[in-house]
Amino acid sequence: MRELVRRHILGLSSTMRVPVLLFYIHGYSLAEISSYLGTPVSVLKKRLYDARRKLKASLPVTDFISAFQQLYEGGKRMLHIVNGDIVAEKLKQGVVPGDILVWREIYSEGPVFLDPSDPAGRSVRADYLEKAMGIPCEEYIDGCESQEQQLRRFKDYDEIVLWFEHDLFDQTMLCYLLYWFSQQKLGRTRLNLLCIGDFPGIERFRGLGQLSVEQMGTLSGTWHLVKRKELELGQAYWEAFTSSDPRRLTQLLQEDSSALPFVRNAFRFHLSRFPSVQDGLGNVERTTLEFIARGLNQPMELFRQVSDELHEFGMGDLQFWLILKQMAVGPQPLIRFEGAEAAIPSYTDPSEDFRHRRILLTDTGRRVQDGKEDWVAANGIDCWLGGVHLLEKERVWRWDEKEESIVRSEKI
């Protein structure tokens, strides 16, 4: 049926064929097509109407034509907010009608503030991301302002759908958006949520980007209306995540979170990234040391294994390179890179040479792994986890795995 429809579309005149392909097949909005073609929206609507009439007369696929009538131009205006470009490109291949907004953020890395649009906090965050990961300040700020501008136009749409996954990377974005919408008057706009942690036939589900266009199509329409409980829970978790006191999160872990079924595990994992009361290592650093000790010492393979083991994180490669860098610096580093010094890859510098270096444990790394030394006590600490800034000259928040609690140690 799809091939039949495509052949008939290709048989249309170019003035009708191009708008039909861009609008119905690839999911671009009328405004986007108008800007690209230099054709007024009113003219595009007439061409789409004429195309539907021609297709209805020539195609023996009445169900498909009925579907055409319910799509974006002929039905509800929709906005889909997703977590990445791969997901967006697949959705545009006829999976859903409407506009797509890719929310480009990485709240699981660096300083995060209650209102990300506040200029003071944004400046701190932009400076951190540029220094730590090489993301240019201006590019980051421009990107944030652009997506926020589109988000503020939410009342232009009848429906909004949030597409997110189970891991910390996605759950932080979801909680921020739920927090933001909880501060708005939705009016007639319906806010929907599609949030999954597995998919039939996929043994290790990592995210929506794994799915084919056909598999994505099975999810279309399975979202549900966001209710007050979900807005309130998302708001509570965002406020706790951005707080300078991580105990607010541990308190939430004890409360009912069934309205957002993945939020508890995601933010519990976030707390496990804090220095442990046992050895000063966060969960990611400890897992990395364990794999290196087993002989896994190539950066790319190490990244794949650690990210698979800690799938609740949703960790990207740039985040992992930063973690390796932090483990390799200080008075008593945990690891070292074999051979001449190599630049750690960043947003603007892939540093291919680094990917072929071997990573080895130092003597300190072995002692810490054996429980004979504390990493924070040996090196101090300076890092951000959500709204918490851990500094070597302050009392440091630590994670107690057994008690599932955050405690504050004495000064280093």
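Below, all heavy atoms of this structure are taken into account, side chains as well, without hydrogens, waters or symmetry copies.
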* Structure fact -> Closest non-hydrogen atoms of Q332 and N379, given as atom of the first, atom of the second and distance, are N-OD1, 2.7 Å

* Asked: Do F241 and Y107 have their ring centres less than 6.0 Å from each other?
  -> no

* Between T250 and R247, a side-chain donor and acceptor under 3.5 Å -> no

* **K131: salt bridge (Lys or Arg N to Asp or Glu O under 4.0 Å) partners, not counting sequence neighbours** => D127

* V306: what forms a side chain to side chain contact (heavy atoms under 4.5 Å, CB included) with it, not counting sequence neighbours? -> V284, T287, T288, F291, L302, L310, M315, F320

* Structure fact -> Separation between CZ (R188) and NZ (K155), nearest 0.5 Å, reads 11.5 Å

* To do: Look up atom CG in L194 and atom CD in E165, then write down how far apart they are to the nearest 0.5 Å.
  => 10.0 Å

* **E255/K229 ion pair, N-O < 4.0 Å** => no

* Tell me, do F181 and V226 make a side-chain contact under 4.5 Å, heavy atoms counted? -> no

* CZ of R273 to CG of N283: how many Å apart, nearest 0.5 Å? -> 10.0 Å

* **Listed partners of D308 passing salt bridge (Lys or Arg N to Asp or Glu O under 4.0 Å), at least two apart** => R204, R206

* To do: State plainly whether the residues R304 and E301 are in salt-bridge range, i.e. N to O under 4.0 Å.
  => yes

* Structure fact -> Exactly one candidate in I81, L162, V82 meets side-chain contact (heavy atoms from CB on, under 4.5 Å) with W103; the answer is I81

* **R398 NZ/CZ over F274 ring centroid, <6.0 Å and within 45° of normal** => no

* No-hydrogen, no-angle side-chain donor-acceptor test under 3.5 Å, D256 and S258 -> yes

* With the threshold set at 4.0 Å, does a side-chain nitrogen-carboxylate oxygen contact exist between R286 and E401? -> no

* **Sidechain N-carboxylate O distance under 4.0 Å for D363, R366** => yes

